[in-house]
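Atoms considered below: every heavy atom in the structure, side chains included; atoms not considered: hydrogens, waters and symmetry mates. Quick caveat, the model's predicted, so the values are computed rather than measured.
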Amino acid sequence: MALLASALITVTGEQPGSTDKWIAPAAEARKKNPIAVSESSLAAGQKVYAKRCVACHGKTGNGDGPDAAELGIHPAKLSDPLMREETDGELFWKITVGKKPMPNYGKRLSPTDRWNVINYLRSLARR
Ligand code: HEC
């Protein structure tokens with residue numbers, strides 16, 4: 001168990017110079033979600049997710065959507081409990097800028113829709 005714990009710390013800790021981990025700039029990470037979690041926000045977020053994100057990330061966020069197999073890279077597992085380590089600001093920045101093959105949503109979704117989908121993502125991550 002101690003081994004597992006230290007392995008987890010290695011995975012989630014800062015990794016300067018690493019190219020394969022996607023890390024948001026600190027200033028972006030500090031951005032606060034202006035939209036409180038509510039039934040209407042979750043419903044709006046779920047709509048966006050079902051339309052734009054499910055194909056890759058999968059219905060439950062397991063990264064197993066119908067398009068995932070063709071990508072040659074695993075879409076992030078949004079259901080992973082480690083997602084809780086990321087701030088809403090980090091997720092917002094990632095959804096805004098995208099990272100191949102994930103599209104950027106800065107122009108495709110309004111800021112409100114991006115924050116709503118983040119509120120919804122929070123309900124996918126397992127505890
Ligand atoms: C074409 C497939 C595709 C679509 C559509 C897509 N994604 Fe992604 N997404 C990916 C891939 C692949 C990654 C992993 C990128 C990497 O780390 O290199 C990713 C990563 C992410 C991450 C980062 C997770 C982390 O570990 O920090 C978030 C958040 C995310 N996606 C949210 C979304 C949301 C929200 C939508 C819909 C608005 C969406 N994605 C649509 C493929 C996709």
Side-chain angles (χ1 to χ4, degrees):
M1 196 59 218
L3 234 171
L4 181 63
S6 66
L8 282 175
I9 288 163
T10 317
V11 171
T12 56
E14 288 286 300
Q15 297 180 319
S18 159
T19 49
D20 43 359
K21 206 167 166 7
W22 191 15
I23 298 174
E28 302 289 339
R30 281 194 294 271
K31 259 195 202 153
K32 294 272 181 282
N33 189 338
I35 299 178
V37 178
S38 66
E39 262 179 51
S40 64
S41 168
L42 291 176
Q46 183 172 27
K47 247 191 196 160
V48 171
Y49 187 84
K51 198 166 157 206
R52 310 270 192 155
C53 323
V54 150
C56 293
H57 288 285
K59 209 165 179 201
T60 57
N62 274 338
D64 55 358
D67 290 354
E70 298 164 16
L71 297 175
I73 167 181
H74 263 293
K77 257 192 160 187
L78 303 176
S79 57
D80 194 306
L82 287 176
M83 286 292 293
R84 297 190 186 282
E85 313 257 319
E86 293 197 53
T87 64
D88 284 7
E90 285 177 276
L91 300 180
F92 186 81
W93 178 80
K94 290 180 178 182
I95 294 165
T96 301
V97 301
K99 180 168 184 278
K100 247 183 167 174
M102 172 158 153
N104 62 68
Y105 290 96
K107 294 219 172 75
R108 290 171 240 250
L109 291 175
S110 69
T112 305
D113 275 347
R114 276 172 272 154
W115 290 119
N116 282 332
V117 83
I118 288 167
N119 284 340
Y120 178 70
L121 293 187
R122 295 301 188 194
S123 71
L124 295 178
R126 289 188 310 271
R127 295 195 179 267

Rounded to the nearest 0.5 Å, how far does [atom2] of [Y] lie from [atom1] of [X]?
X: Ile95; Y: Ile118; atom1: CD1; atom2: CD1; value: 4.0 Å
X: Asp80; Y: Glu85; atom1: CG; atom2: CD; value: 9.5 Å
X: Leu121; Y: Ser79; atom1: CG; atom2: OG; value: 10.5 Å
X: Arg30; Y: Glu90; atom1: CZ; atom2: CD; value: 11.0 Å
X: Lys32; Y: Thr87; atom1: NZ; atom2: OG1; value: 7.5 Å
X: Lys31; Y: Leu91; atom1: NZ; atom2: CG; value: 12.5 Å

* All pairs passing ring pair (Phe, Tyr, Trp, His ring centres under 6.0 Å) where residues 105-127 contributes a residue, at least two apart ->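 Pairs touching residues 105-127 that pass the test: Tyr49-Tyr120, Phe92-Trp115.
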* Kindly state each residue pair satisfying ring pair (Phe, Tyr, Trp, His ring centres under 6.0 Å) with at least one member in residues 52-90, sequence neighbours excluded. =>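 Not a single pair qualifies under ring pair (Phe, Tyr, Trp, His ring centres under 6.0 Å).
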Heavy-atom closest contact ([X] atom, [Y] atom, distance):
X: Trp22; Y: Gly98; result: CZ2-O, 3.3 Å
X: Ser41; Y: Ala36; result: CB-O, 3.7 Å
X: Lys94; Y: Glu86; result: NZ-OE1, 3.0 Å
X: Pro75; Y: Cys56; result: CG-O, 3.3 Å
X: Asn116; Y: Ile35; result: OD1-CG2, 3.5 Å
X: Asn104; Y: Val97; result: CB-O, 3.0 Å

* Looking at residues at least two apart in the chain, or sitting in another chain, which of them share a salt bridge (Lys or Arg N to Asp or Glu O under 4.0 Å) with Lys77? ->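 Lys77 satisfies salt bridge (Lys or Arg N to Asp or Glu O under 4.0 Å) with no other residue.
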* Check whether Met83 and Val117 end up in the same hydrophobic cluster, where Ile, Leu, Val, Met, Phe, Trp and Tyr are linked by side-chain heavy atoms less than 4.5 Å apart. =>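 The answer is yes; both residues are in one hydrophobic cluster.
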* Under a 4.5 Å side-chain heavy-atom rule over Ile, Leu, Val, Met, Phe, Trp and Tyr, are Val54 and Met102 clustered together? ->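 Same cluster: Val54 reaches Met102 through Ile, Leu, Val, Met, Phe, Trp or Tyr contacts under 4.5 Å.
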Determine yes or no for a side-chain-to-main-chain donor-acceptor pair under 3.5 angstrom, with [X] supplying the side chain and [Y] the backbone.
X: Asp113; Y: Val48; result: no
X: Glu70; Y: Asp67; result: no
X: Arg114; Y: Leu109; result: yes

* Evaluation steps, side chain to side chain contact (heavy atoms under 4.5 Å, CB included), between Arg126 and Asn62 -> CA-CA 10 Å; Arg126 289 188 310 271; Asn62 274 338; 3.8 Å; yes
* Asked: Would a 4.5 Å heavy-atom cut-off, applied to side chains only, mark Ile73 and Lys100 as touching?
  ->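 Side-chain contact under 4.5 Å: no.
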